[in-house]
Amino acid sequence: MKQMTLQKTREQNYPEWYQNVITVADMAENSSSPGCMVIKPWGYGIWERMQRVLDDMIKETGHDNCYFPLFIPLSFFQKEADHVEGFAKEMAIVTHSRLKSVDGKLTPDGQLEEPLIIRPTSETIIADSFSKWVKSYRDLPVMMNQWANVVRWEMRPRLFLRTREFLWQEGHTAHATYDEAEKEAQTMLQVYATFAREALAVPVLTGKKPEFDKFPGAVDTYCIEAMMQDGKSLQAGTSHFLGQNFAKSANIKFQSSQGTQEYAYTTSWGVTTRLIGALIMTHGDDEGMVVPPVVAPHQIVIVPLLKDKSKIDAVMSYAQKLKSALSSASFKGERVRVKLDDRQKESVDKMWEWTRKGAPLVIEVGPRDIENNALMVRDRTKINLKEWKEIVPFDDFVSSVTERLATIQNTLLKQAEDRLNKNIRNDIKTPGEFEKYFSNSNVFIEGDKPSVAFVRGKWSGDNDIAEKLKSMKINIRCIPFDQSGTQGTCLITGKPATVDVIYARSY
RNA sequence: CGGAGUAUAGCGCAGCCUGGUAGCGCACUCGUCUGGGGGGCGAGUGGUCGUGGGUUCAAAUCCCGCUACUCCGACCA
C-alpha cells in the first residue's frame, strides 16, 4: 500500500506542494528570524554543487573572485538616481553601533554619523573600488565576481524564491568600450543559459527585458527565463549592461591610448539561491524532490539491508566493496559521489527518505545480493514505472553507472524541454484571443499540463502598458533574441507590431 | 503595506458552538514478529493549548488587545 508523504500534489495545490517538497526533502525551513530561511544540508549541498560548477565557468571566462563589504554607506546609493529609486523600498539600514539598557530594556545606542545599508546588491560599492583601480586603458578590463549574501526587505517571503536574505554570486566588470561591455553582458547571459541547461537540466529562454522592467540603473537587462510546471515563469538569472551610468556616478575614469579621459563601461550579472526553487519546480514530482545528477550532493546512495543481525558484517563489507568499486567511476569529468547510508534506521525508511530528497540512484544491498553478486537499483526518474527497481549484476552496475547518471540527467532535461516547447503558444494573434487565454486568473495544473503558460506574440514597443499587464496579472518576461521579424498585431494595444515577446504569469 | 485564513506534542489535526483539569494519526523510544513499494502487535516518551489582559469557583473553550505564520494582491532575484 502506497502512502502519500506529500500533503498536496501538484495538481491539488501547487504552492503548497512546493512548500511540502522543501519540507519532505529536508532542504530548508523558515527561521525564527522573520522572512529568512535556514538552508539545511541537502539544500545547501545542492547550492554548493551549483557554486562549484558555475564558479569554474565564471573563472574560465576570465573572472577572478574577490570580496566586498556587506555594509554600504547610504550616500553611495544617492549617486545613481534610478538605482536608489529601484531599491529604496526594500533596504535594511544599520543606524546604531551598540545597545544600552534602559529600564531593563535593551535599546539601540551610539547612532552612526552616516547610516549603512546592508547590501541589496553591490554595484555602488564595487564601482567605488573600481574608480581607485582604474587609471589607464591598460588597467581594463576589470573582471570580478563575488559569492555573497544580500538583503532585500521583502514583504512576502517564500523559501528559496523570495527571502529577506539570500545567497548569490554577483559579477562586476569594467571595460574601455561600449561594445566590449555589451559583449560581456551577453557572454555571461549565455554562460547562465548553458549552466541552467547542462547542470540544472533547466531549459531557458534568453532575451532582453523591456525598458520599463530593467534593473535600476542599467542600460539593458538581459535575462534567462524558465517555465515552471504550473506554467509560470521564473527569472533564473540576469545580466546587465550598465553603460556609463555607474562609472559616471562613481567616477571610474581612465586615460585612453589617445590621451583623453574616458568613463568606463560596466556590467553586472548574478544568479541566486532562487535557482534551487527553479530546480524544485522544474523536476520535483508528487513523491518529492528530484535532483539532476550534476548538482546532486550524492548521486548514488547505498542503503544496506541490515535486519538479519547475523549478516550485518557481510552486508556492510559488501556495501563498502560497492562504494570503493564506484570510486573509480566518473561522470562529466568528476568522480562519482557515493554515500553509504549506515545510519541506525529502518532501511525501507532510508530508501524513502532518499527518494523524497531526490537522490538520482538509490542502491539497496542485502544478503540475497551477496549470494547473487548483484544489487537492487532504483532510478528516481522511473518511480512511476515498473523499472523503478531493477536487479543488476554488481559488475554491470559499476560499469554502467556513468551512463545511468547521464541518462537521468538527459531524461530530466528532455522532460523540462518538452514541457517548455509544448506550452509556448505561438498561435495567439489578436488582443481578443490573448485576453481570453489569460482570463483564467488562477494558475493551476490539469493532469500534467499547466492551465496557462507562455504566449509568444507581438508587442508594439509601447512602454506605458504596465497597468494593463498588471490588471491581467501578466508580464512581458523577455524580448527573445531570436526575433522572427514578421508583421503582426500587438496583443496588448492592437497596434501594428513586429517585435516578438514572451508574455506569461511569473514568480 | 491592503484582503482572507490559521495558531493545541517534532509534523498534520480533533476538541471550542454548549467552560469542568488534554486527545488522535504520523514521527520518536523499548520489546517482539516481519523484511527489497512507505510494516504488524504490545508497551512508552513528549504539550504551562502563540502571547498579554479580562469574565468565572473553574478557560484550549467566552470577551478584548498584541504577535507570528500561510494564502491572495502590490514589490522583487
Side-chain angles (χ1 to χ4, degrees), chain A residues 1-8 13-16 18-20 23-24 26 29-35 86-91 120-121 150-170 192 209 213 215-216 221 223-226 233-240 268-278 287-288 303-309 311 315 344-356 362-369 372 374-378 383-386 388-391 441-443 466-467 470-471 473 475 506-507:
Chain A
M1 181 59 83
K2 185 169 158 177
Q3 182 189 314
M4 192 66 75
T5 307
L6 289 172
Q7 316 241 324
K8 296 285 180 187
N13 187 327
Y14 197 80
E16 279 189 39
Y18 174 77
Q19 303 265 14
N20 288 169
T23 304
V24 302
D26 205 25
E29 63 192 25
N30 281 315
S31 163
S32 301
S33 177
F87 285 101
K89 283 179 279 185
E90 52 183 33
M91 284 183 179
T121 180
V150 286
V151 168
R152 297 182 187 178
W153 211 255
E154 299 294 345
M155 291 307 166
R156 197 184 141 207
R158 290 187 71 186
L159 288 174
F160 292 123
L161 300 178
R162 196 188 306 104
T163 46
R164 286 193 179 156
E165 179 188 12
F166 56 92
L167 306 182
W168 76 350
Q169 71 47 230
E170 50 179 326
Y192 289 155
K209 285 289 183 195
D213 198 21
F215 174 75
T221 289
C223 60
I224 56 173
E225 294 286 330
S233 184
L234 184 74
Q235 185 170 323
T238 53
S239 181
H240 314 293
S268 66
W269 26 274
V271 298
T272 77
T273 35
R274 172 181 267 193
L275 286 176
I276 300 171
E287 290 289 353
V303 175
L305 308 180
L306 303 172
K307 271 293 180 171
D308 184 341
K309 292 197 170 106
K311 289 175 177 156
V315 171
Q344 301 286 303
K345 287 194 169 191
E346 298 276 340
S347 41
V348 71
D349 290 341
K350 290 196 266 191
M351 184 277 284
W352 280 109
E353 180 183 323
W354 290 111
T355 300
R356 291 192 297 267
V362 176
I363 313 301
E364 288 163 294
V365 293
R368 244 185 268 165
D369 303 303
N372 304 327
L375 338 143
M376 172 84 82
V377 178
R378 292 178 197 269
I383 193 158
N384 293 317
L385 307 174
K386 278 189 201 132
W388 181 35
K389 61 176 186 180
E390 184 190 358
I391 292 168
S441 65
N442 273 320
V443 174
E467 278 306 311
K470 200 179 281 184
S471 70
K473 298 182 182 174
N475 309 103
S506 71
Y507 279 96

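Nucleotide U67(B) forms a Watson-Crick or G-U wobble pair with A7(B), both donor-acceptor distances falling under 3.5 Å. Using the Watson-Crick or G-U wobble rule with both distances under 3.5 Å, A14(B) pairs with nothing in any strand shown. Pair assignment for G73(B): C1(B), on the basis of Watson-Crick or G-U wobble contacts that are both within less than 3.5 Å. The nucleotide C62(B) finds its pairing partner in G54(B), both defining distances of the Watson-Crick or G-U wobble pair being shorter than 3.5 Å. Summarising the base pairing, A43(B) is matched to U29(B) through a Watson-Crick or G-U wobble pair whose two defining distances lie under 3.5 Å.
The backbone N or O of Phe215(A) lies less than 3.5 Å from a partner atom in the side chain of Thr221(A), making a donor-acceptor pair.
Taking atom CE of Met376(A) as the reference point, atom P of G36(B) lies 8 Å away to the nearest angstrom. Look at CZ on Arg164(A): it is 13 Å from C1' on C75(B), rounded to the nearest Å. Between Glu154(A) atom CD and C75(B) atom C1' there is a gap of 7 Å when expressed in whole angstrom units. Put simply, OH on Tyr507(A) is 15 Å from C1' on G73(B), counting in whole angstrom units. In this structure, Glu346(A) places its CD atom 10 Å from C1' of U34(B), rounding to the nearest Å. We find that CG of Asp213(A) is positioned 14 Å from C1' of A74(B), with the value rounded to whole Å. Nucleotide G38(B) holds its P atom 11 Å from the CD atom of Glu287(A), rounded to whole Å. A straight line from CG of Asn20(A) to P of G12(B) spans 10 Å, rounded to a whole angstrom.
With a 4.5 Å cut-off on side-chain heavy atoms, Ile383(A) and Thr355(A) count as touching. With a 4.5 Å cut-off on side-chain heavy atoms, Val150(A) and Pro120(A) do not count as touching. Within the 4.5 Å cutoff, side-chain heavy atoms of Trp269(A) are placed close to those of Gln169(A). Arg378(A) is not listed as a side-chain neighbour of Trp354(A), based on a closest heavy-atom distance of 4.5 Å or more.
Straight-line distance between the P atoms of G5(B) and A27(B): roughly 34 Å, to the nearest whole Å. A distance of about 29 Å separates the C1' atoms of C30(B) and U48(B), rounded to the whole Å. One C1' atom belongs to U51(B), the other to A68(B), and the distance between them is 10 Å to the nearest Å. Going from the C1' atom of U61(B) to that of C17(B) covers 9 Å, rounded to whole Å. Rounded to whole Å, the P atom of A9(B) lies 15 Å from the corresponding atom of G46(B). Comparing the C1' positions of U45(B) and A7(B) gives a spacing of 25 Å, expressed to the nearest Å. Atom name C1', nucleotides G53(B) and G15(B): the rounded distance is 24 Å, in whole Å. C16(B) and C76(B) have their P atoms separated by 46 Å, with the value rounded to a whole Å.
Taking each heavy atom of Trp153(A) and Met91(A) in turn, the nearest pair found is CB-N, 4.3 Å. Between Gly86(A) and Pro216(A), the closest heavy-atom pair is CA-CG, 3.6 Å. Considering every non-hydrogen atom in both Leu161(A) and Tyr18(A), the closest pair reads CG-OH, 3.5 Å. Taking both residues in full, the closest heavy atoms of Val362(A) and Val303(A) are given as CG1-CG2, 4.0 Å, listed atom of the first, atom of the second, then distance.
In this structure, Leu161(A) reaches the bases: a heavy-atom distance under 4.0 Å links it to at least one base atom across the strands shown. Within the nucleic acid shown, Ile383(A) comes within 4.0 Å of at least one base atom, counting heavy atoms only. Contacts of Trp388(A) with the nucleic acid, taken as non-hydrogen atoms under 4.0 Å apart, include base atoms. If you check every strand for non-hydrogen atoms under 4.0 Å, Phe87(A) touches nothing. The residue Ser506(A) sits apart from the nucleic acid: no heavy atom pair falls under 4.0 Å.
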Name the pairs: protein N/O against N/O of nucleotides 69-71 of chain B, kept only if under 3.5 Å.
unit_1	atom_1	unit_2	atom_2	d
U70(B)	OP1	Asn30(A)	ND2	2.9
C71(B)	OP1	Gln19(A)	NE2	2.8

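Relative to the side chain of Arg152(A), the nucleotides G36(B), C76(B), G73(B) differ in distance, and C76(B) lies closest. Minimum atom distance to the side chain of Arg162(A) is reached by C76(B), of the listed C76(B), G38(B), G36(B). When the nucleotides C76(B), G39(B), G37(B) are ranked by their closest atom to the side chain of Glu90(A), C76(B) comes out on top.
Under 4.0 Å is where a charged nitrogen must lie from a carboxylate oxygen, and between Lys209(A) and Glu225(A) at least one such pair does.
OP1 and OP2 of A74(B) both lie 4.0 Å or more from every side-chain N or O belonging to Lys470(A).
Residue whose closest nucleotide on RNA chain B sits further toward the 5' end, between Asp308(A) and Val348(A): Asp308(A).
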